[in-house]
Amino acid sequence: MMNTSNPAMPSVKFVETNGIRMAVYEDGPANGRPVVLLHGFPELAYSWRHQIPALAEAGYRVIAPDLRGYGLTSCPPKVEDYDLEHLMDDLIGLLDALSIEKAIWFAHDWGGILGWQLPLFHHDRTAGVIGVNTPFIPHWQLWLQPDQIADLAPGFVPDPYKDPIEQMRQVYCPEMYVLMFQNGGVSDKVLDRDPRRTFQAFFRKNGLPYSEYRKLPPASRNMDLLTPLARLKSGAFLGDDILTPEELNFYADRYANTGFTPGINWYRNISRNWKAGLGVDQTVRVPSLMISGEDDPILTAGMASGMRAHVPDLESQVIPRCGHWTQEHKPDKLNALALNWLARRFPSQKTARIIYHAQDH
């Protein structure tokens with residue numbers, strides 16, 4: 001029987017929302033400003049374990065769900081059950097169930113994509129957005145930015161009104177991970193074969209600095225993440241482990257139960273999501289903070305450079321020597337940046353008192 005408790009997390013509770021049963025971890029004062037933490041792939045609410053206590057201690061009501069298809073939350077069977085409409089409706093239903101009018105979305109990786117879409121479709125339920133690693137890029141052009149593709153496909157100009165997956169096929173090799181995820185269950189089997197090894201391979205730090213990564217030949221920068229996983233021995237992975245053996249076991253246990261397919265199904269809805277947003281204004285009209293990792297080779301810091309054109313009220317920060325798994329790689333720095341911004345833009349009762357006394361003296 002799966003252990004549903006973990007000393008690093010608040011106790012789990014379950015919320016019925018949008019036809020699924022969602023596992024939710026909550027901390028902080030019930031009357032605090034709500035901050036909802038949205039994890040990415042392959043992550044869990046557990047990925048925010050270093051942020052939950054810091055936010056709660058600062059006076060915020062912290063809500064960290066296992067999103068649809070992850071952890072202890074329901075895993076519906078159909079690919080289309082994981083499109084953007086379902087994912088957003090899950091979260092709006094969560095706010096309704098908790099009697100919350102508006103939330104600040106604090107979001108990483110795929111959670112970041114979701115977090116930036118929510119103010120476009122549900123502006124009335126969004127107070128603000130903190131994006132971690134994932135910038136806002138209109139019309140699902142995330143993997144087609146010049147910072148990624150300039151020398152992979154010289155002269156290629158992305159078209160926001162063409163299917164992004166079809167455009168990616170023109171730019172990347174077939175083994176590029178997002179394209180591999182479109183191809184039946186091949187990638188699912190590679191990841192499912194040994195979940196513990198998968199997390200050990202993915203969750204790395206102190207690997208190749210981005211400045212050195214950019215010097216690799218274009219053919220080595222096609223984001224082929226699955227081939228090395230299938231071929232390399234565990235001791236040959238680049239860089240250092242981020243996770244302790246106990247943390248690694250926790251992730252492996254959860255994913256041994258769900259498999260990776262539900263999370264991969266989010267990727268299999270990119271074309272459907274793109275079509276759904278074609279007529280939607282691509283302006284994020286809420287206070288926003290973008291936090292990038294200097295050494296993230298997938299969602300590069302440079303990809304955030306054009307965000308202000310679509311996110312007028314934006315602050316941007318870059319964490320030095322930080323890769324992709326920011327919450328776990330540089331938790332103290334991430335917490336400090338997020339709490340500083342929250343204290344200024346959305347002060348809690350506690351931070352408001354601190355600011356007041358600081359100004360008074």
Side-chain angles (χ1 to χ4, degrees), residues 1-49 51-53 55-56 59-78 80-119 121-130 250-251 253-255 257-259 262-263 265-266 269 327 346 348:
M1 181 177 180
M2 180 179 292
N3 179 16
T4 59
S5 65
N6 185 283
M9 295 288 286
S11 58
V12 65
K13 66 179 181 181
F14 293 92
V15 173
E16 300 293 331
T17 172
N18 192 33
I20 65 169
R21 184 174 183 254
M22 177 173 277
V24 179
Y25 303 82
E26 189 171 353
D27 201 358
N31 63 346
R33 288 184 183 270
V35 178
V36 181
L37 309 179
L38 307 178
H39 66 78
F41 174 87
E43 295 182 305
L44 299 164
Y46 178 72
S47 305
W48 296 101
R49 64 195 175 280
Q51 285 68 52
I52 292 170
L55 290 163
Y60 294 94
R61 182 181 181 183
V62 191
I63 301 149
D66 282 338
L67 297 171
R68 175 180 287 243
Y70 289 93
L72 302 181
T73 291
S74 302
C75 300
K78 298 178 182 177
E80 55 268 30
D81 290 334
Y82 296 86
D83 68 6
L84 181 64
E85 182 178 3
H86 283 90
L87 303 177
M88 292 191 299
D89 286 351
D90 292 347
L91 293 170
I92 300 307
L94 173 63
L95 297 188
D96 290 343
L98 300 179
S99 300
I100 293 172
E101 181 182 355
K102 289 187 175 185
I104 301 155
W105 311 108
F106 190 172
H108 175 251
D109 188 78
W110 245 109
I113 298 176
L114 182 55
W116 291 118
Q117 293 294 312
L118 280 157
F121 288 85
H122 295 282
H123 181 269
D124 60 327
R125 309 303 298 270
T126 300
V129 179
I130 303 174
F250 186 85
Y251 277 108
D253 181 48
R254 287 289 192 264
Y255 276 79
N257 184 61
T258 63
N265 282 341
W266 289 41
N269 280 281
Q327 312 102 296
F346 298 98
S348 67

[X] side-chain N/O to [Y] backbone N/O, donor-acceptor pair under 3.5 Å:
X	Y	value
Trp116	Val129	no
Thr73	Ala23	yes
Asp66	Ala45	yes
Asn257	Asp253	no
Thr258	Tyr70	no
Thr126	His123	no
Tyr255	Glu43	yes
Asp109	Phe41	yes

**OP:** Decide side-chain contact (heavy atoms from CB on, under 4.5 Å) for Phe14 and Leu72; before the verdict, give the C-alpha distance in whole Å, the side-chain angles of both, and the deciding distance to 0.1 Å.
**Re:** CA-CA 9 Å; Phe14 293 92; Leu72 302 181; 4.0 Å; yes
Subject >> Stepwise side-chain contact (heavy atoms from CB on, under 4.5 Å) check, Val24 with Ile63 >> reply: CA-CA 7 Å; Val24 179; Ile63 301 149; 3.6 Å; yes
So which heavy atom on [X] is nearest to which on [Y], and how close?
X	Y	answer
Pro29	Ala56	CD-O, 4.0 Å
Ala107	Gly115	CB-CA, 4.3 Å
Ser348	Gly59	CB-O, 3.6 Å
Asp27	Pro10	CB-CG, 4.0 Å

Subject >> Counterpart residues, ring pair (Phe, Tyr, Trp, His ring centres under 6.0 Å), relative to Phe346 (two or more places apart) >> reply: Trp341
Subject >> Residues which pass ring pair (Phe, Tyr, Trp, His ring centres under 6.0 Å) with Tyr60, listed by chain and number, not counting sequence neighbours >> reply: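 Partners of Tyr60 under the ring pair (Phe, Tyr, Trp, His ring centres under 6.0 Å) test: none.
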Do [X] and [Y] have side chains that approach each other closer than 4.5 Å (heavy atoms only, starting at C-beta)?
X	Y	result
Ile100	Val36	no
Leu55	Leu37	yes
Leu98	Arg61	yes

Distance in Å, [X] [atom1] paired with [Y] [atom2], rounded so as to fall on 0.5 Å steps:
X	Y	atom1	atom2	value
His122	Met88	NE2	CE	4.5 Å
Tyr82	Leu67	OH	CG	11.5 Å
Arg21	Ser74	CZ	OG	7.5 Å
Asp81	Leu87	CG	CG	10.0 Å
Asn18	Leu91	CG	CG	9.5 Å
Leu95	Lys102	CG	NZ	11.5 Å

Subject >> Chi angles and distances behind the ring-ring contact (aromatic ring centres under 6.0 Å, His included) call for Tyr25, Trp48 >> reply: CA-CA 10 Å; Tyr25 303 82; Trp48 296 101; over 10 Å; no
**OP:** Report yes or no: is the cationic atom of Arg49 (NZ for Lys, CZ for Arg) under 6.0 Å from the centre of the six-membered ring of Tyr46, at an angle within 45° of the ring normal?
**Re:**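 Here Arg49 passes the 6.0 Å and 45° test against Tyr46.
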Original post:
Does Arg125 pair with Asp96 as a salt bridge, N-O distance under 4.0 Å?
Top reply: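 Judged by the 4.0 Å cut-off on N to carboxylate O distance, Arg125 and Asp96 do form a salt bridge.
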**OP:** May I ask you to check whether His86 and Asp83 show a side-chain donor-acceptor distance below 3.5 Å?
**Re:** yes
